[in-house]
Structure formats: C-alpha cells, structure tokens
Amino acid sequence: LPHPTKTAVLEMLAYGLQGEWGPTFPPPNRPAANYLGTTAARRKCRLRFQSEVPAGRMIGGPGWTADAVRWFLHRDFFITPCGAVPKGADQHGRIIHNYSHEFEGISLNSVLLDKSVQYISFNARVELLAQVSWYFKVDLENGYRQVPVNPKDWHTQVYTLGPGEFYIDLA
C-alpha cells in the first residue's frame, strides 16, 4: 500500500484519525470483562483518565452514565475493556485498552478494515528520504496521545470504571 500523502496527514492532524469499518459491529453498550480486578488498578485508570480530561484528550468522569454518553454522542457506543498494569516508574502504570475483546465473536479490531490505518515501511521511508536534503525526526512522549480521533469514531473509544463513570477518548 502507498504511504499516506502529505494532504492526508494534515487532514488527520486537523480533523482526527478515522477508521474504516466493516459492515458488522459488536453489540453496543455491553459491559465487558475489565482488567480492573484490584483497587490499585482501578485507581491507576481513574488517575490517568482524570488527568487526560483537563488536557482535552478525554471527556467524562464520575457522573457520566451510559445514558449521558449516549446523549452526548447521539448514538449507541461500544464499551472497550480497559485496565492498568505496572510500567517502570510510572505512578499510574500502563493503561491497556483491549480492542480485540470479542462480543458475541466480534471485536472492534476485527471490523476495522486493514487499509484504514497505514504506517510507512522502512524501505518506503528510505526511498522518500533519498529525495531530500534535510530530514528531522521528532519523537514525542505519548505520541499517540497527540493525534485526535475523528468525532465520527468517538463511539468506539468509550471506557467505563463502573456504571456511573464513563470516559470517551478523544486522542
């Protein structure tokens, strides 16, 4: 597959990354088994999610029920299992989002079309760089947290820490 064009990259940064989805989706609004078996894991997720809200990368929190999320999105949504595992010295740990969790045999990953998200291969990068005189590489901390999700896909980015605490990931 060809690498994304400059225009496509600029559009993604401006309007958010949008997936291309197959015709079948997992059932909406089904609670999924979470990895939040301990109070510490739930606290890690809560602290991380709540730190993302003022940064503008998530919305929601305590008081956001399933009905509030449905009202905000104007549609049904899919609850993605989430949890936390230890990661180095990070006080919040690493947050795990399981897009491969199956609901009645279907997961969000299984309906995301392969062509919708592309990375440039190493060989294509070498070919591209052979044509330029200067090249700068920037490695952003939490780089994926800098790229917005297109609002049309927010319904696929919903996490819950209980019946009265939902979050929507915007980045």
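Residue indices begin at 1 and follow the sequence shown.
- In this structure, R57 does not pair ionically with D169, as no charged nitrogen and carboxylate oxygen lie closer than 4.0 Å.
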Worksheet entry | Residues I168, V158; criterion side chain to side chain contact (heavy atoms under 4.5 Å, CB included); working and verdict | CA-CA 5 Å; I168 303 170; V158 178; 4.1 Å; yes

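- Summarising the geometry of G56 relative to L170, their closest heavy-atom pair is O-CD1, 3.8 Å, with the distance given to 0.1 Å.
- Among all heavy-atom pairs drawn from Q50 and E165, the shortest one is NE2-OE2, 4.0 Å.
- Between T156 and T80, the shortest heavy-atom contact is O-OG1, 3.5 Å.
- L113 CG to W21 CH2: the interatomic distance, rounded to the nearest 0.5 Å, is 9.0 Å.
- When only modelled atom types and interatomic distance are considered, Y99 and Q157 share a side-chain donor-acceptor pair under 3.5 Å.
- The structure places CZ of F49 at 13.5 Å from CD1 of I59, a figure rounded to the nearest 0.5 Å.
- In this structure, C45 and L161 approach most closely via the heavy-atom pair CB-CD2, 3.8 Å.
- Annotation: the span from S107 atom OG to H101 atom NE2 amounts to 9.5 Å, rounded to 0.5 Å.
- From F103, atom CZ reaches atom CG of L108 across 7.0 Å, with rounding to the nearest 0.5 Å.
- Put simply, the side chain of N98 never gets that close to the backbone of P81: no donor and acceptor are under 3.5 Å apart.
- Separation of atoms CZ (F166) and CZ (F77) is listed at 5.0 Å; rounding is to 0.5 Å.
- Across every non-hydrogen atom of P28 and D76, the tightest pair is CB-CB, 3.6 Å.
- In terms of heavy-atom proximity, Y167 sits nearest to P62 at OH-CD, 3.7 Å.
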